[in-house]
Amino acid sequence: MNQLAQLGRGALGKLAAFGRSGIILGHVLVAKPQPRTMLPLLLQQIYFVGVLSLIIIVVSGLFIGMVLGLQGYTILVDYGSEQAVGQMVALSLVRELAPVVTALLFAGRAGSALTAEIGLMKATEQLSSLEMIGVDPLRRIIAPRFWAGFYCLPVLAAIFSVVGVYGGALVGVDWLGIYEGSFWANMQHSVDFFDDVLNGLFKAVVFGFVVTWIAVFQGYDCIPTSEGISQATTRTVVLSSLAVLALDFVLTALMFGDF
Amino acid sequence: MKPFEDVIIDIQGLSFARSGRPIFRDVNIQIPRGKITAIMGPSGTGKTTLLKLIGGQLKPAKGSIVMDGQNIPRLGRRELFEIRERMGMLFQSGALFTDMSVYENVAFPLRVHTDLPEQMIRDIVLMKLNAVGLRGAKDLMPSELSGGMARRVALARAIALDPDLVMYDEPFTGQDPIAMGVLVNLIRRLNEALGHTSIIVSHDIQETLGIADYIYLIADGEVVAQGTPQELKEVDSAKVKQFMQGLPDGPVPFHFPAAEYVDELMQEARS
Ligand SMILES: Nc1ncnc2c1ncn2[C@@H]1O[C@H](COP(=O)(O)OP(=O)(O)O)[C@@H](O)[C@H]1O
Ligand SMILES: [Mg+2]
């Protein structure tokens with residue numbers, strides 16, 4: 001009975017946290033835009049969240065593209081259809097790997113940093129201080145960070161795709177000697193703008209929304225001690241990774257599952 | 001019971017609990033306008049909590065906190081942010097914005113709430129920094145300041161908008177003797193020159209007795225004594241005497257509420 005009660009309390013706690021995160025999201029989404037003060041803050045956050053994530057995204061994209069090229073070649077060469085490597089690399093990247101891997105890396109690189117930064121602001125009473133000055137921290141601190149993450153992730157995913165395809169071509173064409181013309185032609189022929197590119201982009205938009213939401217909420221809602229901040233940072237990475245992988249399955253089923 | 005002619009903050013029947021533990025039980029406090037009122041009491045009694053209740057950052061379970069006719073716990077988000085423009089709060093840790101220089105920290109409230117030209121903002125910021133003796137530190141970042149300096153910058157920021165009410169949370173802790181003297185004078189002088197109302201939360205008895213016009217002594221979730229410094233020195237109550245003379249044992253427990261020490265030790269021994 002006691003365990004049942006504990007289970008119930010745990011579930012209620014989770015539900016309450018979910019409710020609080022909804023309230024925060026609501027405030028961020030409905031806040032009246034104030035371009036004059038918000039734009040510089042947003043640009044600054046886009047720099048921190050997006051531009052500083054570029055290196056890890058580009059390097060990962062390049063290597064994953066190269067690995068795909070190599071694996072694809074070793075499989076397809078047995079069937080004599082190695083010129084399909086381009087198609088395989090591009091489709092796996094655009095549909096799956098770019099949005100998913102970018103979102104996972106983004107959660108680790110930018111999401112955790114957002115949580116830690118906001119949590120530390122809470123612990124050092126900077127958020128309270130803003131409130132007492134008459135500035136809503138949800139608008140001033142949370143909103144620009146949320147929007148920056150939301151805008152940046154799709155762009156990063158697109159960059160990931162482009163760099164990955166380049167990596168695939170590097171291995172497939174330049175190293176393994178697939179005929180360049182058929183490599184690119186196959187790719188262009190098989191990748192559909194609406195079915196593949198837009199669907200992949202849509203995934204990235206959803207992931208950007210969810211990962212950044214989790215990150216800013218965990219920071220804002222953390223227990224304001226060093227221990228609390230470290231727990232919140234861990235939760236950000238774990239929860240966003242799980243959310244991304246689960247959502248990816250759901251979205252893939254919805255987009256490509258109509259057999 | 002209204003001992004003052006003009007009250008800026010009127011707290012009636014305030015009750016507040018934290019994680020089930022009552023912090024305030026049916027407390028009445030009036031803050032006289034234009035005066036320096038001290039809230040004293042052992043640490044952990046809820047002095048910081050009281051300031052946050054006045055600032056509307058926490059909501060009481062019961063009771064009213066009225067500032068000039070507006071009941072703060074009942075205000076909507078927007079009205080609350082409006083009324084806070086008339087309050088300045090000096091946090092225990094200073095709470096400077098770590099990504100801004102000292103200058104920008106003090107300028108922040110001005111930039112947010114006024115449309116003053118940059119030249120005027122500059123004049124005001126330098127004036128406020130000069131008042132706390134840190135004009136020379138204007139280009140430093142908060143991480144380059146000592147704890148005491150950070151607190152003084154935070155004070156400059158708290159008074160940047162010339163608020164009607166300034167709340168100081170433990171302004172004296174962590175100040176060296178010189179800065180302490182300066183700060184005591186400063187709070188007094190600012191209060192007189194700017195005509196605002198000050199609430200000082202402190203457990204530094206001597207300094208507080210020196211500048212307060214009126215003192216509330218809280219312990220165990222209640223106001224145990226109130227009066228002018230002179231009146232308080234003469235109160236004939238064990239609780240008050242214990243606190244005013246800084247004795248660890250007496251009616252006010254030094255310990256956080258706990259099971260009997262012996263019982264707890266025995267329990268550990270048994271298990
Ligand atoms: N965020 C919080 N959550 C739960 N309890 C708290 C929190 N902050 C303070 N408390 C508790 O409230 C009581 C009053 O705290 P506080 O107002 O900071 O005391 P003071 O400022 O008088 O030293 C303390 O016993 C403390 O344990
Ligand atoms: Mg305190």
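Worth knowing before you read on, the calculation uses all heavy atoms, side chains too, and leaves out hydrogens, waters and symmetry mates. Just so we're on the same page: letters track the sequence lines, and every chain starts at 1.
Side-chain atoms of B/H113 come within 3.5 Å of backbone N or O of A/I133 as a donor-acceptor pair. A donor-acceptor pair under 3.5 Å is absent between the side-chain atoms of A/E125 and the main chain of B/F91, judged by distance alone.
More than 12 heavy atoms of other residues, nucleotides or ligands sit less than 6.0 Å from atom CG of A/L29. More than 12 heavy atoms of other shown residues, nucleotides or ligands fall within 6.0 angstrom of atom NZ in B/K59. The neighbour count for B/E118 CD, taken as heavy atoms of other residues, nucleotides or ligands under 6.0 Å away, is above 12. Applying the 6.0 Å contact sphere to OH of A/Y166 captures no more than 12 heavy atoms from other residues, nucleotides or ligands. No more than 12 heavy-atom neighbours from other residues, nucleotides or ligands sit within 6.0 angstrom of CD1 on A/I223. Heavy atoms of other residues, nucleotides or ligands lying less than 6.0 angstrom from CE of B/M120 number 12 at most. For B/R86, the CZ atom counts as densely surrounded, since its 6.0 Å shell holds more than 12 non-hydrogen atoms of other residues, nucleotides or ligands.
For the pair B/F81 and A/D136, the tightest heavy-atom approach, listed with the atom from each and the gap, is CZ-CA, 3.6 Å. Pairing each heavy atom of A/S128 with each of B/K52, the nearest pair is OG-NZ, 4.2 Å. The two residues A/Q126 and B/F97 have their closest heavy-atom pair at OE1-CA, 3.3 Å.
With a threshold of 4.5 angstrom between heavy atoms, A/I141 does not approach chain B through any atom at all. For A/S129, the parts sitting under 4.5 Å from any heavy atom of chain B are the backbone and the side chain alike. In this structure, no portion of A/L120 lies under 4.5 Å from any heavy atom of chain B.
Rounded to the nearest 0.5 Å, atoms CG (B/L90) and CE (A/M132) are 11.0 Å apart.
Taking 4.5 Å as the heavy-atom cut-off, the residues of residues 144-162 of chain B that approach chain A are B/R157, ordered by number. Interface with chain B: from residues 105-116 of chain A, no residue qualifies, criterion being any non-hydrogen pair under 4.5 Å.
When the candidates B/M87, B/M89, B/R77 are compared by the number of heavy-atom contacts under 4.5 Å with chain A, B/R77 comes out ahead.
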